[in-house]
**Q** 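Submitted below is the structure of interest, expressed as structure tokens.
All figures in this text were calculated on a predicted structure; none of them were measured in a lab. To find a chain, count down the sequence lines: A is the first, B the second, and so on, and within it residues start at 1. Note: hydrogens, waters and symmetry copies are ignored here, and every other heavy atom, side chains too, is used.
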There are 2 protein chains.
Amino acid sequence: MRLLLVEDDELLSAPLRHDLEQQGFAVDLAKEGVEAEFMGNEIDYDLIVLDLGLPKRSGIEVLQNWRAEGNTTPVIILTARDAWHERVAGFKAGADDYLGKPFHVEELVVRLQALVRRSHDMLGKGLQSGGLALDEERQQVVLPDQVRLDLTGTEFRLLRCFMLNKDKILSKTRLTEHVYEQDFDRDSNLIEVYIRRLRDKLGKQVIETRRGQGYIYVGVER
Amino acid sequence: MRLLLVEDDELLSAPLRHDLEQQGFAVDLAKEGVEAEFMGNEIDYDLIVLDLGLPKRSGIEVLQNWRAEGNTTPVIILTARDAWHERVAGFKAGADDYLGKPFHVEELVVRLQALVRRSHDMLGKGLQSGGLALDEERQQVVLPDQVRLDLTGTEFRLLRCFMLNKDKILSKTRLTEHVYEQDFDRDSNLIEVYIRRLRDKLGKQVIETRRGQGYIYVGVER
DNA sequence: TGATGATTTTCAGCTTTATTTCATCTCTCT
DNA sequence: AGAGAGATGAAATAAAGCTGAAAATCATCA
């Protein structure tokens with residue numbers, strides 16, 4: 001899955017790139033508009049993540065030029081959380097989706113996967129893993145017997161993180177980083193509390209404890 | 001933009017499907033009448049392209065059954081160039097447009113886009129969703145028992161937005177964008193106020209709250 | 001134009017729910 | 001047994017949403 005990331009801010013692009021690669025994308029990085037336009041046209045990407053607000057050439061313009069060239073690669077744009085006009089302009093220019101900054105990497109990944117699925121016409125619902133399915137639309141988890149449970153925002157993000165990393169150990173710090181924006185390192189047992197809530201809702205065995213290392217999502221057994 | 005293509009001739013459907021997908025439609029294919037009828041009723045398509053002259057069940061019959069079910073998805077029918085009687089029958093059965101075979105794909109795409117626009121902008125006859133119907137003329141909502149309620153302009157726009165997106169979470173910002181043009185003062189509880197008014201008129205359960213996410217229209221229960 | 005009624009918008013206090021903290025308990029490893 | 005890591009339940013805090021009423025706006029018509 002080849003992806004072009006257009007982002008001028010190194011502070012943002014470096015970790016983002018890392019996370020996306022973690023998720024299995026082959027990431028190319030373009031740091032400014034002209035370069036982005038060239039790469040987007042030359043290479044056949046599966047996806048493009050475009051940060052609006054580039055220095056030289058505006059992201060909108062780059063996108064317009066791609067579309068004018070007949071390039072139909074799915075594009076998701078990143079905008080400031082409240083820049084409504086940018087989004088509209090983005091859609092008009094041919095964007096397929098947008099995401100407001102700041103965002104959780106998981107959220108971006110989910111949107112990207114949705115875009116890929118859409119563009120491949122592989123209609124499918126949400127993320128499925130270990131016998132559970134996530135319904136992003138309604139922020140619910142679907143159990144094997146089709147029963148749906150409501151989750152709170154934090155519970156949902158945490159569970160998504162687990163489901164994206166089934167059978168992998170996730171340290172508490174890693175989980176904290178993914179569930180909460182940015183830093184956040186207060187010494188608190190938040191993760192423990194939410195692990196408990198998830199276990200209450202999904203069953204105790206779904207998330208195992210690896211003492212001293214973290215937690216691991218093993219899914220529900222049949 | 002989700003589209004159902006009902007076409008039994010593989011030689012025609014395969015390239016057509018490809019072209020439509022190229023144009024940005026998510027295409028589902030039904031190869032014969034019974035299947036088509038089922039899919040059209042189960043899935044909430046934006047458009048249906050229906051080839052008359054299916055083997056088992058006639059396309060006309062399928063269309064009639066959809067309409068009988070209250071399904072108002074825009075339907076464009078494909079007929080032989082000279083079969084004017086089929087066209088008449090098609091319109092009587094509730095088709096929104098027709099196209100004679102053979103045709104250029106571009107022509108079909110243009111008609112489809114026009115149809116979408118028409119159905120989204122004006123919804124001429126009346127949108128039906130979740131047991132409620134809208135009377136655009138009189139700006140009223142029609143309850144399952146045929147009782148009519150007057151709505152104010154804002155209430156009406158808001159409800160229409162919900163009915164077009166049944167069972168989907170709509171965030172307050174998204175709703176604001178639909179109900180009010182352009183940008184808008186962000187910190188105001190207008191949406192909450194109008195949600196309340198709608199609930200007062202339609203019943204509390206019709207619109208559910210997904211705290212932190214938005215609202216979701218689930219229709220009236222039977 | 002100015003009065004009237006309808007509709008839209010604002011506001012402040014209230015209720016509900018989610019998040020976070022905290023104190024205490026339990027387990028496991030040495 | 002003791003120390004560290006995690007679990008648990010309850011309580012405090014902070015958000016998000018709800019509500020009723022009043023103020024502002026708009027439309028209509030005499």
Side-chain angles (χ1 to χ4, degrees), chain A residues 81-82 102 104 138-141 149-162 169-218, chain B residues 138-141 149-162 169-218:
Chain A
R81 176 74 71 194
D82 54 353
H104 298 286
R138 306 195 191 191
Q139 196 173 301
Q140 290 175 328
V141 58
L149 295 180
D150 289 326
L151 297 179
T152 73
T154 310
E155 288 168 353
F156 192 81
R157 291 198 298 282
L158 185 61
L159 178 56
R160 178 165 59 203
C161 186
F162 273 117
I169 293 187
L170 297 172
S171 69
K172 272 191 283 199
T173 34
R174 176 112 188 267
L175 289 167
T176 307
E177 284 167 7
H178 285 257
V179 170
Y180 297 95
E181 321 238 336
Q182 300 294 102
D183 44 13
F184 192 102
D185 56 12
R186 270 168 287 170
D187 108 17
S188 94
N189 67 341
L190 269 179
I191 293 298
E192 277 128 331
V193 170
Y194 276 101
I195 292 279
R196 174 159 196 288
R197 303 239 165 103
L198 281 182
R199 282 175 172 161
D200 282 351
K201 291 193 175 178
L202 303 174
K204 200 148 185 164
Q205 353 60 260
V206 169
I207 297 167
E208 292 178 2
T209 303
R210 284 280 180 284
R211 174 171 252 256
Q213 302 172 80
Y215 296 90
I216 183 168
Y217 167 70
V218 298
Chain B
R138 303 166 171 277
Q139 200 171 85
Q140 289 174 328
V141 58
L149 294 180
D150 290 324
L151 295 179
T152 72
T154 310
E155 288 168 354
F156 193 81
R157 290 198 299 283
L158 185 61
L159 179 57
R160 177 168 56 203
C161 185
F162 273 117
I169 289 191
L170 298 173
S171 68
K172 273 191 281 202
T173 35
R174 177 117 184 265
L175 289 167
T176 307
E177 287 166 4
H178 273 84
V179 171
Y180 300 95
E181 305 297 327
Q182 296 294 91
D183 49 357
F184 193 77
D185 184 6
R186 243 163 241 69
D187 48 343
S188 128
N189 69 340
L190 267 180
I191 293 298
E192 282 152 32
V193 169
Y194 276 101
I195 291 280
R196 177 163 194 287
R197 304 240 166 104
L198 282 181
R199 282 177 173 162
D200 282 351
K201 292 194 175 179
L202 304 174
K204 201 148 188 163
Q205 352 62 260
V206 170
I207 297 168
E208 291 178 5
T209 303
R210 283 278 178 288
R211 176 173 261 250
Q213 293 281 114
Y215 297 91
I216 182 167
Y217 167 70
V218 298

**Q** Determine the minimum heavy-atom distance between B:T152 and B:Q139, stating which atoms define it.
**A**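 So the two residues come closest at C-OE1, 3.5 Å.
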**Q** Provide, to the nearest angstrom, the distance between the CD1 atom belonging to A:I191 and the C1' atom belonging to C:dC22.
**A**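 In whole Å, C:dC22 C1' lies 17 Å from A:I191 CD1.
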**Q** Between A:Y217 and A:F162, what is the ring plane arrangement, given parallel below 30°, perpendicular above 60°, and tilted in between?
**A**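 Tilted.
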**Q** Take atom CG of B:L198 and atom C1' of C:dT7, then tell me their distance rounded to the nearest Å.
**A**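 In whole Å, C:dT7 C1' lies 14 Å from B:L198 CG.
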**Q** Whole angstroms only, please: what is the CD-C1' distance between B:Q139 and C:dT7?
**A**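 It is 11 Å, rounded to the nearest whole Å.
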**Q** Under the salt bridge (Lys or Arg N to Asp or Glu O under 4.0 Å) test, which residues partner A:R210, sequence neighbours left out?
**A**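 Here the qualifying residues are A:E208.
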**Q** For A:R157 and for B:T154, locate the closest nucleotide of DNA chain C by heavy-atom distance; then report the residue assigned to the nucleotide nearer the 5' terminus.
**A**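 Per heavy-atom nearest nucleotide, the more 5' residue is B:T154.
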**Q** How close or far is atom P of D:dG6 from atom CD of A:E208, stated in whole angstroms?
**A**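 Taking CD of A:E208 and P of D:dG6, I get 15 Å after rounding.
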**Q** Restricting to non-hydrogen atoms, name the atom on B:I195 and the atom on B:L158 that form the minimum distance, rounded to 0.1 Å.
**A**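 So the two residues come closest at N-CD2, 4.1 Å.
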**Q** For B:D150 and C:dG5, give me the distance from atom CG to atom P, rounded to whole Å.
**A**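 Nearest whole value for this atom pair: 18 Å.
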**Q** Give a yes/no answer on whether the side chain of B:S188 brings an N or O atom under 4.0 Å of OP1 or OP2 in C:dT9.
**A**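 Negative; the distance criterion is not met.
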**Q** May I have the distance from A:L151 (atom CG) to C:dT19 (atom C1'), rounded to whole angstrom?
**A**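 About 15 Å, once rounded to whole Å.
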**Q** Report yes or no: is there a donor-acceptor pair, N or O only, under 3.5 Å between the side chain of A:R197 and the base of C:dT20?
**A**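 Checked by distance alone, the answer is yes.
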**Q** Return the minimal non-hydrogen interatomic distance between A:K172 and A:I191, and the atom names on each side.
**A**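 Scanning both residues completely, I find the closest heavy atoms to be CG-CG2, 3.9 Å.
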**Q** Can you measure A:F156 atom CZ to C:dT17 atom C1' for me and round it to whole angstrom units?
**A**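 Computing the A:F156:CZ to C:dT17:C1' distance gives 18 Å.
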**Q** In whole Å, I'd like the distance from the CG atom of A:L190 to the C1' atom of D:dT8.
**A**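 Those two atoms, CG and C1', are 14 Å apart.
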**Q** Please confirm whether the shortest side-chain N or O distance from A:T152 to OP1 or OP2 of C:dT19 is below 4.0 Å.
**A**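 A:T152 to C:dT19 OP1/OP2: side-chain N or O found under 4.0 Å.
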**Q** Only counting residues at least two apart or in another chain, list the ones meeting side-chain contact (heavy atoms from CB on, under 4.5 Å) with B:Q205.
**A**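 With sequence neighbours excluded, B:Q205 shows a side-chain contact (heavy atoms from CB on, under 4.5 Å) to B:E221, given in chain and number order.
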**Q** State, with a plain yes or no, whether a side-chain heavy atom of B:Q140 is found less than 4.5 Å away from one of B:F156.
**A**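 No; the side chains remain at least 4.5 Å from each other.
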**Q** Using a 4.0 Å heavy-atom cut-off, write out nucleotides 12-19 of chain D from 5' to 3' as B (base contacted by protein), S (sugar-phosphate only) or - (no contact).
**A** ---BBSBB
